[in-house]
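Below: the structure, in structure tokens.
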Amino acid sequence: TMPVIKTIDGMASMLNLSTDQVEDCLKELKILNPSGTPKKSQIDKGNFNPDGTIKDYNGLKKDIEEKL
């Protein structure tokens, strides 16, 4: 089974990338704010928790795939 991914750091290690690389990509896709916090729309969609942890990894992944 897939491990539960709750952080950008965890996502980065799954993808064998640095946390910075993943954050930069998510900022470019307008998923994260320039400060690194999730956009309000991402929290409203249920992809992120208000504290910035990932709530729905699959939803987030789908969002990323749609934007690429």
Side-chain angles (χ1 to χ4, degrees):
T1 60
M2 280 232 353
V4 179
I5 309 293
K6 290 286 181 200
T7 61
I8 302 290
D9 207 33
M11 188 176 176
S13 61
M14 279 280 301
L15 299 168
N16 292 318
L17 296 168
S18 74
T19 301
D20 286 347
Q21 285 173 304
V22 174
E23 275 188 1
D24 288 346
C25 174
L26 293 177
K27 287 174 190 174
E28 276 179 43
L29 295 175
K30 308 275 187 259
I31 289 172
L32 295 181
N33 292 309
S35 64
T37 59
K39 295 257 184 206
K40 187 181 182 309
S41 60
Q42 289 292 316
I43 294 169
D44 292 346
K45 264 187 176 170
N47 288 343
F48 282 91
N49 294 306
D51 67 1
T53 56
I54 298 170
K55 184 176 184 178
D56 179 4
Y57 181 72
N58 289 326
L60 176 60
K61 208 173 129 190
K62 194 171 156 227
D63 245 39
I64 293 167
E65 287 166 358
E66 284 171 7
K67 288 174 184 261
L68 290 178

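- Atom CD1 of Ile8 is separated from atom CD of Gln21 by 13.5 Å, given to the nearest 0.5 angstrom.
- When side chains are defined from C-beta on, Ile54 counts as touching Phe48, because their heavy atoms get closer than 4.5 Å.
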Walk me through whether Met11 and Leu60 qualify under side-chain contact (heavy atoms from CB on, under 4.5 Å). CA-CA 11 Å; Met11 188 176 176; Leu60 176 60; 4.0 Å; yes

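- Residue Lys6 holds its NZ atom at 9.0 Å from NZ of Lys55, rounded to the nearest 0.5 Å.
- To the nearest 0.5 Å, atom CG of residue Leu17 and atom CD of residue Glu23 are 12.5 Å apart.
- Checked by atom type, the side-chain pair Asn33/Ser35 shows no donor-acceptor distance below 3.5 Å.
- Side-chain contact between Leu26 and Gln42 is absent, with no heavy atoms from C-beta onward closer than 4.5 Å.
- Remark: Asn49 CG to Asp56 CG distance equals 10.0 Å, nearest 0.5 Å.
- Here the NZ atom belonging to Lys39 is positioned 13.0 Å from the CG atom belonging to Asp44, to the nearest 0.5 angstrom.
- Side-chain contact between Asp63 and Lys67 is present, with at least one heavy-atom pair separated by less than 4.5 Å.
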Please assess Asp51 against Thr53 for the test side chain to side chain donor-acceptor pair (under 3.5 Å), listing each intermediate value before the final yes or no. CA-CA 6 Å; Asp51 67 1; Thr53 56; 2.6 Å; yes

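- The distance from the SG atom of Cys25 to the CD1 atom of Ile31 is 7.5 Å, given to the nearest 0.5 Å.
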